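Just so you know, these numbers come straight off a predicted model, no measurement behind them. One-based numbering, in listed order, for ligands and for the atoms of each. By convention here, the first residue in the shown sequence is residue 1. Heavy-atom basis, side chains included; hydrogens, waters and symmetry copies ignored.
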Amino acid sequence: MNHILVIGGTGTVGRQVVSRLAAKGAQVRVLARSPSAARLPPKVKVVRGDLTVAETLDACLDGIDAVFLVWTAPAAAVIPALERIAKHSRRIVFLSAPIKTAHPLFQQPNPLRAMFEQIERLIETSGVQSTFLRPGMFAANALSWWAPQIRVGNVVRWPHLAAPTAPIDERDIAAVAVRALCEDGHAGAEYVLTGPQSLSQFEQLSTIGRVIGRSLRIEEISPDEARRELLTIGPPPAVNMLLDAWAAAIGQPAHVTSTVAEIIGTPPKTFLDWATDNAAEFRA
Ligand SMILES: NC(=O)c1ccc[n+]([C@@H]2O[C@H](COP(=O)([O-])OP(=O)(O)OC[C@H]3O[C@@H](n4cnc5c(N)ncnc54)[C@H](OP(=O)(O)O)[C@@H]3O)[C@@H](O)[C@H]2O)c1
């Protein structure tokens, strides 16, 4: 694929996809709502576009072979945007979620799930070559969930500390995405991507404390306290979905797959690797 458009290229995963594509010498273009704020490598072309304003997508998609799609826009924008994306491209790699994995962490009802199912259906019925990436919990969630508390003190208040997840490093998701965008052989694939280890939220927080050399006091709070305190990490439906997912996940190890290693040829990064490389974000 010669010309690749990254939608979501200013975000956690998309930014890593863009830098890897640029380093490979691919012709990479980024769709962004505010190109001047994108802070991307100079050789990357950034084009103004907005998924919620479908007419803006045509210019971004002109001459494009493959699209990496991150969708965080409202559900109402899905149909017009997907029609245009599928019309212009031959290959779509969509950053989805493990919505088909039977583990209880991934099976709690939530509004995102229906939207992802709709996006996948539209891509599949369009006839475009597609690959769905289904990462579990991102290691980078720690930046919005825990860093604000850790930067200002040693106390971290968090619910369901015993809930295990297998946090995945955004660089590993991006490495898989680049393979799926640039190589043949991934059409129709659905890759469930996880980090290498099942770690409780308590263990993840302790890892961060170790890495930054501080002894954190990690305090369990109730789901009701969390509902009141965690509105900074997302709207109430997102907070409720997370609380339900963590509660349901307690008592069994997280779902761990070997997919990252099979595709990129090296093991996925550990949470310790991620925390070490992001330690500055947790220091005041
Ligand atoms: N966090 C997890 O644990 C987890 C696990 C599995 C799956 N996921 C899925 O991963 C996705 C999030 O990935 P991420 O963390 O890399 O994203 P992110 O950091 O939240 O970034 C979102 C990207 O989408 C762009 N964007 C938002 N609205 C847009 C619009 N209307 N038009 C064009 N671009 C728009 C943003 O661009 P701007 O610069 O314009 O804001 C930004 O580049 C979500 O779909 C989520 O459900 C997350």
Worksheet item: Which protein residues have a heavy atom closer than 4.0 Å to any atom of ligand 1, listed by chain and number?
Response: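 Answer by chain and number: Gly8, Gly9, Thr10, Gly11, Thr12, Val13, Leu31, Arg33, Asp50, Leu51, Thr52, Val70, Trp71, Thr72, Ala73, Leu95, Ser96, Leu112, Phe116, Pro135, Gly136, Met137, Phe138, Asn141.
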Item to complete: Let me know which of Val70, Thr12, Val17 forms a side chain to side chain contact (heavy atoms under 4.5 Å, CB included) with Leu95.
Response: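 One option only clears the test, and that one is Val70.
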Fill in: Of Phe202, Phe271, Trp274, the residue whose pairing with Thr207 passes side chain to side chain contact (heavy atoms under 4.5 Å, CB included)
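Exactly one candidate clears the test, Phe271.
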Worksheet entry | All pairs passing salt bridge (Lys or Arg N to Asp or Glu O under 4.0 Å) where residues 145-171 contributes a residue, at least two apart |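 Every pair satisfying salt bridge (Lys or Arg N to Asp or Glu O under 4.0 Å) with a residue in residues 145-171: Arg157-Glu219, Arg157-Glu225, Arg157-Glu229, Asp169-Arg171, Arg171-Asp277.
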Worksheet entry | Of all pairs that satisfy salt bridge (Lys or Arg N to Asp or Glu O under 4.0 Å), the ones with a partner from residues 262-271, not counting sequence neighbours | none
Worksheet item: Is the backbone of Leu161 close enough, under 3.5 Å, to the side chain of Glu220 for a donor and an acceptor to pair up by distance?
Response: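 The answer is yes, because a donor-acceptor pair under 3.5 Å joins these two groups.
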Fill in: Summary of side chain to side chain donor-acceptor pair (under 3.5 Å) pairs that have at least one residue in residues 233-246, sequence neighbours excluded
Arg227-Asn240
